[in-house]
*Asks:* 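After the structure tokens below, expect a handful of questions from me.
No experiment lies behind these values; they were computed from the predicted model shown.
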Amino acid sequence: MRDIAIVAYHQSRAVADAGACNEVEMIMPVLNEVYGQVGINNAQDVDFVCSGSCDYMQGAAFAFVAGVDALGAVPPIKESHVEMDAAWALYESILKIRMGSAESALIYGFGKSSPGELPIVLSQQLDPYYLAPQWIDTVSLAAMQARLLLEQGVITERDMAAVVSRSRRNARQNPNAQLAGDISVDDVLAEETYLSPLRRVDCCPVSDGAAAMIICTEDKAREWGVPYALIRGIDHRIETHHIGMRDLTDSASTRLAAERAGVGDGPVDVAELYAPFSHQELILARALGLGEQTDINPSGGVLAGNLMMASGLARVGEVFNRIVAGEAQRGVAHATSGPCLQHNLVTVVEKA
Amino acid sequence: MADQQDTITGIDVPVYLKYNFTAGAGPARFLSQVKNGKLTGQRCPRCQQVYIPPRGSCAACGVATEEELVLPDKATVQSFTIVSIPIPNNPIKPPYIIANLVLDGANISFIHLMSECVNEDVRIGQRVQAVWKPEEEWDYSMDNIRYFKPLDEPDVPVAQIGKLPVSGWEGMSDA
Amino acid sequence: MANLAAVVGIGQTKYTTKRDDVSIAGLVREAAQNALDDAGIGWDDIDAVILGKAPDMFEGVIMPEIYLTDALGCNGKPMLRVHTAGSVGGSTALVAASHVQSGAFNRVLTVAFEKQSESNAMWALSNPQPFSTHLNAGAGGYFAPIIREYMRRSNAPDDVGIKVAVKDRLHGARNPLAHLQRPDITMEEVKESFMLWDPIRFLESCPSSDGACAMVIANEELAEQSAKPPAWIRGVAMRSEPTMYAGREEVNPQAGKDCAADVYAQAGITDPRRDLDCAEVYVPFSWYEPMWLENLGFAPEGEGWKLTMEGATSLDEGGDIPWNPSGGVLSSNPIGASGMIRFAEAARQVRGDAGDHQVEGARLALGHAYGGGAQFFAMWVVGADKA
Amino acid sequence: MPESEILNQAFELGYTYTRSTGPVVGRFLTGLRDRKIVGIRASDGRVVVPPMEYDPDTAAELSEFVDVSSEGEIVSWAWVKHPREAHPSTEPFAWAMIRLDGADVPMVHWVQAGDESDLHTGARVRARWADETVGFITDIAGFELV
């Protein structure tokens, strides 16, 4: 299988409310950045474009159609869209390159979630007969998952607090982060619970923003003459939708995807995990088999800023950034979808 | 009690979500002007085409449209349909005419109502002008224009639709 | 360069106004199970599932793959959800094909569906947005002015749309799965039907249907072993352009022309009318047949309607290039599935498995889907032969 | 170019969906209307509540219904200090995973309790039926501590 090179990545700053900025206005500056990184003009200069978004973030059908307005798609381009996080748009784009119908691809994801009440909006992705009509928000589901882990002794509240503390600390070095600062484990533990057993700081913020990436064949990357990293493996798996049928203290689908993506084939220097709740990072680190030698979420992860529909792609982008900066040789990026980590995608990125 | 024994085969599920929409920067500048009764188009810096209502970018070029120009409220019918069914949540009574209209000086059409006309006489290339609501009812919306009505001007040849200058069709005929 | 792939199983539901006997899961499951049965395989034989549907607002279930995991036997497998507006059924098939053509998977299941009776498509497509004029009278309201412009340009007689409406319903009457069963339909009846969005009459419009369509796509080795003849995927293409931009050609969109040229080049087609045996083309309003005949290169610009009027696209009139032998979107329209139905029906033709609507001796067929304001296109060419 | 105003407008995206249930969901909801809770037996023998239509492991269609108790124990829970508008209770309450007696798999519903300290994993709860049951998941007007 052909290796795929990542040659460019950019994301907007994660903000709680992008204000007077619609989807196309959110996407264009991010695209311009990645065009600039490889020295191209617009989407005409890549062979394929794929995006990820969700209509319900902003409450209007066909959100992705606005995205096309950002591309300069005249003359027409080869373009597709997943109603998922853009990490899956990356997945689709990789298949396109591997089948030989494209040498390069632009991937972007965007979401303006601030107009809605995101945890309630996302309740409508649950079973439409049994759960969605109860309006069970995603934070509450995650809280029940956290309690299982705590009460079964898999993790402690101190472990969760340590995740939060590290995320905020790491985020100080991340200009795109929404939440950054010094908060000690004890500070975290001193905070009152919000949705017990979760504290507010255990939960990711809701952010507006977009992220974009350009990938291509290794030949094309050399032609463009830009630094690049290689995608050595990518796999995703989904689990049963019945929450009660899942072992919520583990992530079987992440474990399987990691195995298929070849996470264990070498040391992992850096990992960016899409863990919207602190305890989920602990589940994921275990499922991915990450140990002490791995720097987890050096960007601060999504606890520091969560670009809905782009955070999964952003994880890959963050790993890419570490590798081209020479800070890591090999990294793992993870993306998730659905309640309590139901669907997970794992990407292995290596130094070229 | 007969009902009680029936098996449930269907349910009504209300799914109502509340959003607080914020207009984008380009559209917001346009809407602020419409509130004052001014139709402000935005020009693409690359292809020079004028968009109204602007949506944030020139969709053809993928670049922001920042230069603004005030357009008259005269337009040309690019095409239209006579609709005989109601629009959900809209009080307009059918039949009504929804026309694709291009304002003078603009290069793209938008849809709006046409009225004060004989439906059978409406045609591609026809000249129309906005009929505004009373000023005190103006808001951040193209609905400030109640509808467009026919103008007593010669039709615009199809090849010229969407290419008229701000000075309009008569201005062009004079020239 | 791409690996060979073929359709080895097809399953559909009977299209109808409301499938009130199944859940959403039950609907997609039925098509998927039918496709597995047709392929002679079981759930364990599927490596990944690719799901497509139009906006989530139709059913009010956000990212429904999350809920449909178990209905499609996906626990522990990859599952991807495609959404490209009305073209989604076609795009989904293409994304599914790429799973195999890339060599990443041996055999995948792809499913597209819409359970439109759960809501009202007109509501979902015309939902008022703040600060916008709320004049969207559904898809018909959008396409009617474009059709009017086509009529002006081509000088086509007024009854071309009526003829297509009759022809596709007569085709649909040969297809037991078609929603509308109107073997007795007449030109007069269509002409007299209610003018919804002038010039579109009620009977010149597609119905609103519940339904799902599924296909199993396999690699060369597995396809060669399949019990029933495979439909080899000979070309795949998609194109997009913005919905609205200054100077956009709406009647004969460039994206459609480019997409067709791309897919024909891959399949070695130089004259589509001659080289193809039939086509399943997304025609939700009758006038889109002559418009797409031109856009897809079956007729010179301005002359598509002549093929229609000559009966060239009619199975019943022994036309040389039948369009929509299944009855098309005019006979069945579960929106999110409609594109995939076109792709699947093209495959049924070249497998020689289309029953009463079989085009005799069909060896090469086009599947076509479009979406949005006719700015998203997806097409494939399938053949009875590998090359 | 002038600065853009911030123009906000609230809107509601809403529809009352008409869902057909199919036999499995319909059976469960019919049970609720009759103030009974029914599960289904999965391929591995476990009793699943609410009943799934398809088995997660074998993908088989499931059809063996099993009556379960409307009483059970809390497997996990989350205390909602500040209920949201859409939530079923205006007072603080808990979402919970509840394993009903006779079932092997917990279902998610809500539990009414005066205070967070009243609840604990393993606590016994029973369904509180709505005054009028119509065949909807909210026919269980939450669970209460036994």
*Asks:* Flag yes if more than 12 heavy atoms outside C:Lys191 fall under 6.0 Å of its NZ atom; otherwise flag no.
*Replies:*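 No, the 6.0 Å shell around NZ holds no more than 12 heavy atoms from other groups.
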*Asks:* Give a yes or no on this: more than 12 heavy atoms of other residues, nucleotides or ligands lie within 6.0 Å of atom CG of B:Asn36.
*Replies:*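 Count over threshold, so yes.
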*Asks:* Show the numbers, then the answer: is there a side chain to side chain contact (heavy atoms under 4.5 Å, CB included) between C:Glu250 and B:Gln78?
*Replies:* CA-CA 11 Å; C:Glu250 290 181 305; B:Gln78 186 185 54; 4.3 Å; yes
*Asks:* Got a second to check how far C:Asp198's CG is from B:Glu120's CD, nearest 0.5 Å?
*Replies:*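 Result: 8.5 Å between the selected atoms.
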*Asks:* Taking side chain as everything from C-beta outward and backbone as N, CA, C, O, which of these in B:Asp143 sits under 4.5 Å from a heavy atom of chain C? Side chain, backbone, both or neither.
*Replies:*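 Interface part for B:Asp143: both.
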*Asks:* Any side-chain heavy-atom pair from C:Glu149 and B:Val158 closer than 4.5 angstrom?
*Replies:*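 A side-chain contact exists here, since the closest heavy-atom pair is under 4.5 Å.
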*Asks:* Heavy-atom pairs under 4.5 Å with chain B are the metric here; pick the option from C:Pro242, C:Gly247, C:Gly141 that has the most.
*Replies:*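 Sorted descending by pairs with chain B, the first entry is C:Pro242.
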*Asks:* Please classify the contact of B:Phe110 with chain C as side chain, backbone, both or neither, using a heavy-atom distance under 4.5 Å.
*Replies:*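 Contact with chain C: none, neither part.
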*Asks:* So do the side chains of C:Trp197 and B:Ile85 get within less than 4.5 Å of each other, counting heavy atoms only?
*Replies:*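 In short, these two side chains touch, coming nearer than 4.5 Å.
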*Asks:* Verify the neighbour count for atom CD of B:Glu135: are there more than 12 heavy atoms of other residues, nucleotides or ligands below 6.0 Å?
*Replies:*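 No, CD of B:Glu135 has 12 or fewer neighbouring heavy atoms, counting only those of other groups under 6.0 Å.
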*Asks:* Under 4.5 Å from any heavy atom of chain B, what part of C:Glu241 do you find: side chain, backbone, both or neither?
*Replies:*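 Looking at C:Glu241, nothing touches chain B.
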*Asks:* Counting neighbours of NZ on C:Lys14 that are heavy atoms of other residues, nucleotides or ligands and sit closer than 6.0 Å, is the number greater than 12?
*Replies:*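 Yes, enclosed.
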*Asks:* Parallel under 30°, tilted from 30 to 60°, perpendicular over 60°: which one fits the rings of C:Phe131 and B:Tyr140?
*Replies:*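 Perpendicular, since the angle between the ring planes exceeds 60°.
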*Asks:* At a heavy-atom separation under 4.5 Å, does B:Ile124 approach chain C through its side chain, its backbone, both, or neither?
*Replies:*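 Only the side chain of B:Ile124 comes within 4.5 Å of chain C.
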*Asks:* Pick from B:Tyr19, B:Phe80, B:Tyr51: which one has the most heavy-atom pairs with chain C under 4.5 Å?
*Replies:*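 Of the candidates given, the most pairs with chain C belong to B:Phe80.
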*Asks:* Could you walk me through whether C:Met195 and B:Ile82 pass the side chain to side chain contact (heavy atoms under 4.5 Å, CB included) test, one step at a time?
*Replies:* CA-CA 9 Å; C:Met195 190 65 91; B:Ile82 305 166; over 6 Å; no
*Asks:* Taking every heavy-atom pair that is under 4.5 Å apart, which of C:Glu118, C:Met244, C:Arg153 has the most such pairs with chain B?
*Replies:*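 Highest number of pairs under 4.5 Å: C:Met244.
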*Asks:* Report which part of B:Leu31 has an atom under 4.5 Å of a heavy atom belonging to chain C: side chain, backbone, both, or neither.
*Replies:*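 For B:Leu31, side-chain heavy atoms alone lie under 4.5 Å from chain C.
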*Asks:* Assess whether atom NZ of B:Lys18 is packed by more than 12 heavy atoms of other residues, nucleotides or ligands within 6.0 Å.
*Replies:*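 Result for NZ/B:Lys18: open.
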*Asks:* Evaluate the side-chain proximity of B:Ile92 to C:Leu135: yes if any heavy-atom separation is below 4.5 Å, no if none is.
*Replies:*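 Yes, their side chains come closer than 4.5 Å.
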*Asks:* Below 4.5 Å, heavy atoms only, C-beta onward: do C:Phe194 and B:Ser84 meet side chain to side chain?
*Replies:*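 Side chain of C:Phe194 against side chain of B:Ser84, heavy atoms only: contact under 4.5 Å found.
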*Asks:* To the nearest 0.5 Å, what is the distance between CD1 (C:Ile146) and CG (B:Asn100)?
*Replies:*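 So the gap between those two atoms works out to 7.5 Å.
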*Asks:* In terms of heavy-atom contacts, does CD of C:Glu303 have more than 12 from other residues, nucleotides or ligands at under 6.0 Å?
*Replies:*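 Atom CD in C:Glu303 is packed in, count exceeds 12.
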*Asks:* Below 4.5 Å from any heavy atom of chain C, which atoms of B:Pro86 appear? Answer side chain, backbone, both or neither.
*Replies:*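 It is the backbone, since no side chain atom gets that close.
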*Asks:* Against C:Pro145, only a single residue in B:Thr81, B:Ile98, B:Val77 fulfils side-chain contact (heavy atoms from CB on, under 4.5 Å); can you say which?
*Replies:*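 Option passing the side-chain contact (heavy atoms from CB on, under 4.5 Å) with C:Pro145: B:Thr81.
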